[in-house]
J.: 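Sharing a structure here in structure tokens format.
In this text, all values refer to a predicted model and were calculated from it rather than measured experimentally.
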Amino acid sequence: MGMKIVVNNLLKPCNHPKWDWILLIVPLFLFSLNSCSKQDDSSTTDEVGTYNTKTILHDGVQRTYHVYLPNNYNITTPSPLVLALHGGSGTGMNLAEVISAGTLTDAAESKNLILVVPDGKDKRWNDGRPEIFGNDRMYDDVGFISTIIDDMINDYGVDSNRVYATGISNGGYMSIRLAMDLSNKIAAVAPVTAQITKAMESEIPEFPISIMFVNGEDDPIVPYYGGCIDVPLFPNCSRGEVLSTEESIEKFKGYNQCINPLETEPIIDNVPNDGTSIEISKFKGCERGTEVSLIKVIGGGHTWPGGGQYYGVNLIGKVSEEIDASALIFDFFLSHSKN
């Protein structure tokens, strides 16, 4: 009789309270494991040495970004992260492949860091200028970038003390906005062909943050010496105004409490036929080890030094071949940390 009772109980486990709990817990446990594996999939299934496209829903809007993992990427070793932001009417991959002519990718590979090139909604960034972003077209790009940073730290083992941002034109203004709004997360920025806009001149970063400006003195769109942003078909300052490069540097000198004298390196002119030369100057040893630097591209235009001549010289000016801006920017980044 005892054996029969045991058999019957095994055949009808749901009649016993203990089996009820087991049948409830096991599916929940398996679901939990499955949920964890989905959350961690991004870093383990992505390919190294290429761009991996990601899509997220932020603030009710579908957003995309592209992650480049260098061939030596290892999730167990905390990696630096660079966010590179395209210009107006561009895309992340356009910046990586055309504007920078692949130099951003090459620098990420050679310096063994993770590169992310996000896509602005409607091919633009909400860099703080009300002239270009009315209330009906406001996207939370600061929040979007902040979410990317969090995801990269959580899913890819990014070093939270070595997160950086660069960008060209509209993306350069956006990198300056990130310096103002995300100085708690970003250690350094490097705007290319961009200065502080009039719309952002009263903003102050919460923490000191290193910055390197890369500006062409003959930029026909963003005036090196300040004034109206001159975009074809948008006259009368309809795209806003910028401070001069010098005024922008003075602002960040104040933010970072720089007291050391300016250091200026000898002018670089190793490619005389390109019509440009390079002057590098910097204020070092500012608060918390921050730095304010300038790569002045004498004769340079609205372009990425070492990158591509993506439009005619008459429209955007000359591309300097004197330097690889991507490599110099990344070296600048890696010399600074939030520690």
J.: Tell me if a side-chain donor or acceptor on Asn215 pairs with a main-chain N or O of Thr193 at a distance below 3.5 Å.
T.: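 Yes, because the side chain of Asn215 sits within donor-acceptor range (under 3.5 Å) of the backbone of Thr193.
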J.: How about His302 and Val222: do any of their side-chain heavy atoms sit closer than 4.5 Å?
T.: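 The answer is yes, as the side chains (C-beta and beyond) meet within the 4.5 Å cut-off.
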J.: Should Ile99 and Ile329 be regarded as members of a common hydrophobic cluster, given that ILVMFWY residues are connected when their side-chain heavy atoms come within less than 4.5 Å of each other, either directly or indirectly?
T.: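 Yes, one cluster joins them.
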J.: Hey, what do you get for NZ (Lys318) to CD1 (Ile316), rounding to the nearest 0.5 Å?
T.: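 CD1 of Ile316 is found 12.5 Å from NZ of Lys318.
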J.: Test His86 against every option in Trp304, Tyr310, Tyr65, Trp125 by the ring pair (Phe, Tyr, Trp, His ring centres under 6.0 Å) rule and name the one that passes.
T.: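 Among the candidates, only Trp125 passes.
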J.: Under 3.5 Å, side chain of Arg129 to main-chain N/O of Ala199, donor-acceptor pair present?
T.: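 Judged by distance alone, no pair lies under 3.5 Å.
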J.: Working to the nearest 0.5 angstrom, can you tell me the gap between Lys198 NZ and Cys237 SG?
T.: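 Nearest 0.5 Å value for the NZ-SG distance: 10.0 Å.
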J.: Would you say Tyr255 and Thr290 make side-chain contact, with heavy atoms under 4.5 Å?
T.: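 In short, these two side chains do not touch, never coming nearer than 4.5 Å.
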J.: Quick check: are there more than 12 heavy atoms from other residues, nucleotides or ligands sitting under 6.0 Å from CD of Glu263?
T.: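 For Glu263, atom CD is crowded (more than 12 foreign heavy atoms under 6.0 Å).
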J.: Between Arg63 and Asp141, is there a salt bridge with N-O shorter than 4.0 Å?
T.: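 Arg63 and Asp141: salt-bridged.
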J.: Verify the neighbour count for atom NZ of Lys338: are there more than 12 heavy atoms of other residues, nucleotides or ligands below 6.0 Å?
T.: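 For Lys338, atom NZ is crowded (more than 12 foreign heavy atoms under 6.0 Å).
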J.: Working to the nearest 0.5 angstrom, can you tell me the gap between Ile148 CD1 and His58 NE2?
T.: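 Rounded to the nearest 0.5 Å, the CD1-NE2 separation comes out at 9.5 Å.
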J.: Please answer whether the main-chain N or O of Ala96 pairs with a side-chain N or O of Ser100 as donor and acceptor at a distance below 3.5 Å.
T.: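 Yes; at least one donor-acceptor contact below 3.5 Å.
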J.: Shared ILVMFWY cluster between Met174 and Leu104, side chains joined below 4.5 angstrom?
T.: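 Cluster IDs for Met174 and Leu104 differ.
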J.: For a quick check under 3.5 Å, do Ser337 and Asn161 share a side-chain donor-acceptor pair by atom type?
T.: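 On atom types as modelled, these side chains do not qualify, holding no pair under 3.5 Å.
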J.: When you measure from the side chain of Asp219 to the backbone of Gly300, do you find a donor-acceptor pair of N or O atoms at a distance under 3.5 Å?
T.: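 No; judged by distance alone, with no hydrogens or angles, the pair does not exist.
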J.: Does the cation-pi check pass for Lys253 over Phe283, that is, NZ or CZ under 6.0 Å from the six-membered ring centre and within 45° of its axis?
T.: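 The answer is yes; both the distance and angle limits are met.
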J.: More than 12 non-hydrogen atoms from neighbouring residues, nucleotides or ligands closer than 6.0 Å to CG on Leu57, yes or no?
T.: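 Enclosed.
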J.: Hey, does the side chain of Ser248 reach the backbone of Ile196 with a donor-acceptor pair shorter than 3.5 angstrom?
T.: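 A pair under 3.5 Å: yes.
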J.: Once rounded to the nearest 0.5 Å, what's the spacing between atom CD1 of Ile56 and atom OG1 of Thr64?
T.: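 OG1 of Thr64 is found 9.0 Å from CD1 of Ile56.
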J.: Is there a donor-acceptor pair closer than 3.5 Å between any side-chain N or O of Gln257 and the backbone N or O of Cys286?
T.: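 The answer is no, because no donor-acceptor pair under 3.5 Å joins these two groups.
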J.: Main chain of Ala190, side chain of Ser175: is a donor-acceptor contact present, judged purely on distance under 3.5 Å?
T.: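 No; zero donor-acceptor contacts below 3.5 Å.
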J.: Is there a side-chain contact between Asn256 and Cys258, using heavy atoms and a 4.5 Å cut-off?
T.: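 Sidechains of Cys258 and Asn256: in contact.
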J.: Going hydrophobic residue to hydrophobic residue with side-chain gaps under 4.5 angstrom, can you get from Leu69 over to Tyr51?
T.: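 No; Tyr51 is not reachable from Leu69 via cluster members.
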J.: Picking from Asp331, Asp106, Asp324, what satisfies salt bridge (charged side-chain N to carboxylate O under 4.0 Å, His left out) with Lys111?
T.: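 The single option meeting the salt bridge (charged side-chain N to carboxylate O under 4.0 Å, His left out) with Lys111 is Asp331.
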J.: Enter the distance from Cys228:SG to Arg239:CZ here, rounded to the nearest 0.5 Å.
T.: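 If I round to the nearest 0.5 Å, the distance is 13.0 Å.
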J.: From the options Leu113, Asp159, Ile114, select the one residue that forms a side chain to side chain contact (heavy atoms under 4.5 Å, CB included) with Leu81.
T.: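 Checked Leu113, Asp159, Ile114 against Leu81; only one passes side chain to side chain contact (heavy atoms under 4.5 Å, CB included): Ile114.
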J.: Taking Glu322 for the side chain and Val271 for the main chain, is one N or O donor matched with an acceptor at less than 3.5 Å?
T.: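 Side chain of Glu322 to backbone of Val271, a donor-acceptor pair under 3.5 Å: yes, one is there.
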J.: Whether Arg124 and Asp122 form a salt bridge (side-chain N of Lys/Arg under 4.0 Å from carboxylate O of Asp/Glu) is what I want to check.
T.: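 Looking at Arg124 together with Asp122, the answer is no, because their closest N to O distance does not fall below 4.0 Å.
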J.: Rounded at 0.5 Å granularity, tell me how far CD1 in Ile221 sits from CG in Asn170.
T.: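 Spacing of CD1 (Ile221) from CG (Asn170) equals 12.0 Å.
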J.: Under 3.5 Å, is there a donor on one side chain and an acceptor on the other for Lys185 and Ser146?
T.: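 Yes, because at least one side-chain N or O of Lys185 sits under 3.5 Å from a partner of the opposite role on Ser146.
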J.: With a cut-off of 6.0 Å (strictly less than), are more than 12 heavy atoms of other residues, nucleotides or ligands near OH of Tyr311?
T.: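 Counting other residues, nucleotides and ligands, OH of Tyr311 stays at 12 neighbours or fewer.
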J.: Taking the side chain as every heavy atom from C-beta outward, state whether Val242 and Tyr173 have any pair of such atoms under 4.5 Å apart.
T.: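 Side chain of Val242 against side chain of Tyr173, heavy atoms only: contact under 4.5 Å found.
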J.: Hey, quick one: are Ile249 and Ile278 part of the same hydrophobic cluster, counting side-chain heavy atoms closer than 4.5 Å, chains of contacts allowed?
T.: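 Unlinked, Ile249 and Ile278 end up in two clusters.
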J.: State, yes or no, whether a side-chain contact exists between Tyr164 and Pro80 at a heavy-atom distance under 4.5 Å.
T.: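 Yes. Closest side-chain heavy atoms under 4.5 Å.
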J.: Determine yes or no for a side-chain-to-main-chain donor-acceptor pair under 3.5 angstrom, with Lys251 supplying the side chain and Glu201 the backbone.
T.: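 Yes.
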J.: Look at the side-chain heavy atoms of Ile, Leu, Val, Met, Phe, Trp and Tyr, link any pair under 4.5 Å apart, and say whether Tyr73 and Leu115 land in one connected group.
T.: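 Looking at the clustering, Leu115 is in a separate group from Tyr73.
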J.: Side chains of Glu217 and Tyr225: is there a donor and an acceptor less than 3.5 Å apart?
T.: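 Yes, because at least one side-chain N or O of Glu217 sits under 3.5 Å from a partner of the opposite role on Tyr225.
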J.: So does Gly317 get a backbone contact from the side chain of Gln309, meaning a donor-acceptor N/O pair under 3.5 Å?
T.: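 Checked: pair present.
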J.: His66 and side chain to side chain donor-acceptor pair (under 3.5 Å): which single residue from Asn52, Thr50, Thr53 fits?
T.: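 Going through Asn52, Thr50, Thr53 one by one, the side chain to side chain donor-acceptor pair (under 3.5 Å) with His66 is satisfied by Thr53 alone.
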J.: Please lay out, stage by stage, how Leu85 and Ile145 fare under the test side-chain contact (heavy atoms from CB on, under 4.5 Å).
T.: CA-CA 10 Å; Leu85 310 177; Ile145 298 298; 4.1 Å; yes
